[in-house]
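What follows is a set of notes on a single structure, which appears directly below.
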There are 2 protein chains.
Amino acid sequence: MARPQRLPKLQLIQSFAQVAEHGSLAAAAKAVGGSPATLSRHVSSLEAELGVTLFERRGDGLALTASGAALFAHAADVTAAANRFAAAASGQDQGLDGTIRI
Amino acid sequence: MARPQRLPKLQLIQSFAQVAEHGSLAAAAKAVGGSPATLSRHVSSLEAELGVTLFERRGDGLALTASGAALFAHAADVTAAANRFAAAASGQDQGLDGTIRI
DNA sequence: TTGGTTTACGTTTATCGTAAATATC
DNA sequence: GATATTTACGATAAACGTAAACCAA
């Protein structure tokens, strides 16, 4: 279990979560300051890599499938962990022994 | 707080964890099937991005600094979360309604 | 000198935005 | 017809391995 694995890129997971939260590529793109095309590619790449259809394509946006909803919870966990890592690093960076509780 | 952030790439965090576990670039490279040069770049990139020195360079390998050790715990959390994400996806992939509890 | 790390170099691969095409309501 | 997604395309940037250089015990 100490083996390294080929995991989906963090950025794809982030994009997935953003799109799920905003309900459309357009809205998510506006929020992250990127283009809808990029997010579309991210979502498609992730779906292809996982072999799972995450969203149902609708005329006015993207809606999570059942599988997508299940994975969204895990995606949130991943991004949360990554954010804690970054936050801890900032603390080490400034030498702050601030109260970063895990 | 719902804002997207610029987080370190997952691969860099994975490499960091592998090097920390194996104690040297050479050993970690052998384990992951890559080259020491790549891992050296990954570690350096991560250190530069975080502004933290993760390892002390010794003649026979790399030893975690105090800051590195603190961050290693978080790195393990991130990779664990990513692994759970991937595992959940594999479950969804096969259409297994296995007991994946969220 | 031996085992390990780092840098240099060239090539391959991935990533992105703009803009055109497509689909849905 | 309007809004959203997707694909095409070209350009920019990132990633890797090999091999040489460097450093420490």
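Here is the naming used below: chain letters follow the sequence lines, and residue numbers restart at 1 for every chain. Every value quoted in this text rests on a predicted model; they were computed, and no experiment measured them.
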*asked:* Return whichever of A/Ser35 or A/Arg58 has its heavy-atom-nearest nucleotide of DNA chain C closer to the 5' end.
replied: A/Ser35
*How close or far is atom P of C/dG3 from atom NZ of B/Lys30, stated in whole angstroms?*
10 Å
*Would you please name every residue forming a side chain to side chain contact (heavy atoms under 4.5 Å, CB included) with A/Ala17, sequence neighbours left out?*
A/Phe72
_To check you understand the geometry: which heavy-atom pair defines the closest contact between A/Leu25 and A/Ser40, and what is its length?_
CD1-CB, 3.7 Å
*Which part of the nucleic acid does B/Ala37 contact within heavy-atom distance under 4.0 Å: base, sugar-phosphate only, or nothing?*
base
*Atom pair distance, as rounded to whole Å: NZ in B/Lys9 and P in C/dA14*: 12 Å
_Listed once per pair and sorted, the salt bridge (Lys or Arg N to Asp or Glu O under 4.0 Å) pairs that draw on residues 59-68 of chain B, sequence neighbours left out_ = B/Arg58-B/Asp60
*Quick one: is A/Thr38 getting a side-chain N or O under 4.0 Å of the C/dG17 phosphate, OP1 or OP2?*
yes
*Quick one: how far along DNA chain D does chain A reach, first to last nucleotide 5' to 3', anything under 4.0 Å to a heavy atom?*
D/dA4 to D/dA8
_B/Ala81: which residues meet the side chain to side chain contact (heavy atoms under 4.5 Å, CB included) condition with it, sequence neighbours left out?_
A/Val78, A/Ala81, B/Arg84
*What residues in residues 40-57 of chain A put a non-hydrogen atom under 4.0 Å from any atom of DNA chain C?*
A/Arg41, A/His42
*Taking only residues at least two apart or on different chains, which pairs with a member in residues 23-51 of chain B satisfy salt bridge (Lys or Arg N to Asp or Glu O under 4.0 Å)?*
B/Glu47-B/Arg57
*Taking only residues at least two apart or on different chains, which pairs with a member in residues 35-63 of chain A satisfy ring-ring contact (aromatic ring centres under 6.0 Å, His included)?*
A/Phe16-A/Phe55
*B/Ser35: what forms a side chain to side chain donor-acceptor pair (under 3.5 Å) with it, not counting sequence neighbours?*
B/Thr38
_Main-chain N/O of A/Leu54 paired to A/Thr65 side chain as donor or acceptor, under 3.5 Å_ = yes
_Length of the CG-C1' vector between A/Leu12 and C/dA14, whole Å_ = 11 Å
*For B/Ala29, side chain to side chain contact (heavy atoms under 4.5 Å, CB included) partners two or more places apart*: B/Pro36, B/Leu39
*Ignoring backbone atoms, establish whether B/Gln11 has a side-chain N or O less than 4.0 Å from OP1 or OP2 of C/dA14.*
no
*Any side-chain heavy-atom pair of A/Phe85 and B/Asp77 under 4.5 Å*: no
*asked:* Would you say that A/Glu56 contacts A/Leu62 through its side chain, given a criterion of any heavy-atom pair below 4.5 Å between the two side chains?
replied: no
_How bent is the helix from C/dT1-D/dA25 to C/dC25-D/dG1, measuring the angle between the end axes built from five pairs each, rounded to 10°?_
40°
